[in-house]
Amino acid sequence: MSKLAECIGKAKAEGRAALIAYLPVGYPNVEDSIAAMVAAVEAGADVVEVGVPYSDPGMDGPVIQQAVDVAVRAGVGMRDVLRAVEAVAAAGAVPVVMSYWNPIERYGVERFATDLAAAGGAGAITPDLIPDEAAEWIAATERADLDRVFLVAPSSTDARLRSTAEACRGFVYAASTMGVTGTRATVGRAAEELVTRTRAVAPDLAICVGLGVSNGSQAAELAGYADGVIVGSAYVRELIEGRGPDGVRALSEDLAAGVRT
Amino acid sequence: MTTSAVQPSGERVAPARSEWPDAAGHFGIFGGRFVPEALVAALDEIAAAYEAMRDDPEFLAEFGRLQREYSGRPTPLTAVPKFAEHAGGATVLLKREDLNHTGSHKINNVLGQALLVQRLGKTRVIAETGAGQHGVATATAAALLGLSCTVYMGEEDTRRQALNVARMRLLGAEVIPVTTGSRTLKDAINEAFRDWVANVESTHYVFGTVAGPHPFPGMVRDFQRVIGDEARAQVLEREGRLPDAVLACVGGGSNAIGIFTAFLPDDGVRLLGLEAGGDGVDTGRHAATITGGSPGVLHGARSYLLQDDNGQTIESHSISAGLDYPGVGPEHSYLHDIGRAEYRAVTDAEAMEAFALLCRTEGIIPAIESAHALAGALTLGKELGPDALLLVNLSGRGDKDVETASTWFGLGDREDVDPGPGLDTEQQPTEGAISNDEAVAGPEAGETA
């Protein structure tokens, strides 16, 4: 049973979108990053993307780069990530790991799937792994009963939307714009078009939208057409600007209200 | 026979298809595409356009014309007997890619991709560059074809290759110093990918080496294979036989793949890639990816890379900006694993010794990158003895490196500096020919370089 599908389905039954918060493990340090994740959950996040720090985050903008760079230099690794996964699960939300592919491959694909399942993780989002290269990951997640989330983008053809959605379990991540992570003033029409196109080829799969969302009113707008709203850089910025778990909590409250309007 | 790609007249026909990569860009377990979905459509578009173009007589004619009339191909072979005295008396032949327009082999790939950009109808090109040679080549092609050009270059590299930054700006390109991470080539590639994903509709990423996601490794190889196609025919004509070994430096590996490809079917020809050993592979401060790394995923492909236990890329170190890269093209990883090519590390000190030797014995200032291949020839020649015939790819010229070399050798620009015994022309050339021994061996010199 997909933990992510169940969680997002429950939100849908309440007539709202799910709130998905991204925070990287190890910024500003492991303990404080876990405290921030718990604060996000307590203030209304349904799912936490537990970010694995990576030295070459090619899909991330400056805010997330700055945070993960600190974590990478501190030597944060998969053991810390699994500890954060356990903490998020204990706080009552669904943890899903967000990782570029190499840290998972280096840890061992099979070992990662086994350990993630044991820690209570739902699965993983892999931004630089496309289904074409994912045979080993798909097999490992099947065996461990884990979700796997791939991305679709405005540039994806309908054929790729279909094949990518078919490879997903839990939800499909719709990247709202062509670009890297970071807050934007407007998310734009491309996101809604992408959701509509994806829904047409995958009517039964939850579709969550990320890239550029930073406040409750944007979240409310996205909740009008998406099953889940993903927020990353805005959370990380709370930590970078020194507002700590309280800042994360306040942002989560604003966003949680947004997905309910 | 692979040499059919270059006719005696210099006319080009489509080269034979290589056995690899497969349709999805895999060289055995290496290569492939590890990219955000947002880039897949653009990569598919490039692959389709290249597939349609590669055998097209119109493209081949135009590519051949640019190579002859603009770049100056074919490049000659040069025998270097005085240098070879230090290589066990072997015969050493240099493939003179340094004599290309813009000063290195990089123009071969850029001209091919520039013609591709025209077919794609895009108006802007971006590129990453380490030593600046690929950036200069891309800026040159952009000026020639009227394209807007942005080059990402690590801040550290903009400093040590300042001459090439000036060249790119003269050619009308925008040079953006990259201040993230190690501030070298790896980080320049990250920034170029970030630019590309946001501007992919108007922009083509002129990837500079045989790495990155499919179709770049195979396509860049095809554009670079002219080096080996020419050299194989030239060696046969000159010596009546194939070389015993073909040597080239390997960072990402485009000049090496370029010269190796024509020789792949020739089982008796050893293929030797020389990686940047920095301070020595055992010190951890190096860029010898195959020698000292392990398989993983970086910059869009699976290949050998320098990584720690957490899968984080380890920063590389080399005196040569063009080899200072913790990854390597996937075809090299494959050639290593199937045993068709060998890879060895050359330290900064060994490379600079070979650099000095070629300057003093033959009047050729090589790029420091290429000096790694020369150092490999000095060692291999001694191993194989005087009957050996070695073909070395002199991938670039060293004008860009004069400041680094002057610092390394302690030459400075003050007239009161004693240049040291090596500059005394009365002396026998030694393997530290330019400088005093301390300057060659001193690790401090390496750090200031």
Residue part contacting chain B, namely of Ser156(A), when any heavy atom lies under 4.5 Å: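 Both parts, backbone and side chain.
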
Considering all heavy atoms, the nearest His332(B)-Ile257(B) contact: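 The answer is NE2-CG1, 3.2 Å.
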
Contacting region of Asp309(B) [heavy-atom separation from chain A under 4.5 Å]: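 Both backbone and side chain of Asp309(B) come within 4.5 Å of chain A.
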
Which atom of Leu185(B) lies closest to which atom of Gly130(B), heavy atoms considered: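 For Leu185(B) versus Gly130(B), the nearest heavy atoms are CD1-N, 3.6 Å.
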
salt_bridge(Arg199(A), Glu192(A)) N-O dist < 4.0 Å: no

Suppose a student defines contact as a heavy atom less than 4.5 Å from any heavy atom of chain B. Which residues in residues 70-82 of chain A would they list? Val72(A), Arg73(A), Gly75(A), Val76(A), Gly77(A), Met78(A)

Where do Tyr235(A) and Tyr22(A) come nearest, in terms of heavy atoms and distance? CB-O, 3.7 Å

Arg197(A) atom CZ, neighbour heavy-atom count above 12 within 6.0 Å: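 Check passes, neighbour count above 12.
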
Please classify the contact between Tyr54(A) and chain B as side chain, backbone, both or neither, with a heavy-atom cut-off of under 4.5 Å.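 Interface part for Tyr54(A): both.
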
Side-chain contact, heavy-atom cut-off 4.5 Å: Phe34(B) with Tyr100(A)? no

Can Arg143(A) and Glu110(A) be counted as an ion pair, charged N to O under 4.0 angstrom? yes

What residue in Leu298(B), Leu305(B), Ile314(B), Val200(B) has the most heavy-atom pairs under 4.5 Å with chain A?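 Highest number of pairs under 4.5 Å: Leu298(B).
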
Check whether Thr150(B) reaches the backbone of Ile126(B) with its side chain - one donor and one acceptor, N or O, closer than 3.5 Å.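 No, the answer is negative, given that no donor and acceptor are paired below the 3.5 Å cut-off.
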
Partner chain B: residue of Met178(A), Met59(A), Glu133(A) with the largest heavy-atom pair count (under 4.5 Å): Glu133(A)

Which answer fits Pro127(A), side chain, backbone, both or neither, if we ask what part of it has an atom under 4.5 Å from a heavy atom of chain B?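 It is the backbone, since no side chain atom gets that close.
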
Which answer fits Asp56(A), side chain, backbone, both or neither, if we ask what part of it has an atom under 4.5 Å from a heavy atom of chain B?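 Interface part for Asp56(A): both.
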
Please identify each residue that fulfils salt bridge (Lys or Arg N to Asp or Glu O under 4.0 Å) with Arg237(A), with sequence neighbours left out. none

Less than 4.0 angstrom from a charged side-chain N to a carboxylate O is my criterion; do Arg183(B) and Glu156(B) meet it? no

Sub-3.5 Å donor-acceptor pair from the side chain of Ser176(A) to the main-chain atoms of Leu211(A), do we have one? yes

Given a strict heavy-atom distance threshold of 4.5 Å, which part of Thr177(A) is in contact with chain B: side chain, backbone, both, or neither? neither

With a 4.5 angstrom heavy-atom cut-off, is it the side chain or the backbone of Gln307(B) that approaches chain A, or both, or neither?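 Contact with chain A is through both the backbone and side chain of Gln307(B).
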
Pick from Asp132(A), Ile130(A), Val152(A) with the largest number of heavy-atom pairs that fall under 4.5 Å of chain B: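 Of the candidates given, the most pairs with chain B belong to Ile130(A).
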
Before we go on, tell me: are the rings of His299(B) and Tyr325(B) under 6.0 Å apart, centre to centre? yes

Counting only non-hydrogen atoms closer than 4.5 Å, does Gln66(A) touch chain B with its backbone (N, CA, C, O), its side chain (CB onward), both, or neither?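 Contact with chain B is absent: no heavy atom of Gln66(A) under 4.5 Å.
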
Measure Pro57(A) against the heavy atoms of chain B and call it side chain, backbone, both or neither at under 4.5 Å. both

If you count heavy-atom pairs under 4.5 Å with chain B, which of Thr164(A), Thr157(A), Asp60(A) comes out on top? Asp60(A)

When Pro103(A), Ala175(A), Gly58(A) are compared by non-hydrogen pairs under 4.5 Å with chain B, the top option: Gly58(A)

So, the side chain of Ser254(B) versus the backbone of Thr209(B): is there a donor-acceptor pair under 3.5 Å, distance only? no

Applying a strict 4.5 Å limit to non-hydrogen atoms, the region of Ile189(B) in contact with chain A is neither

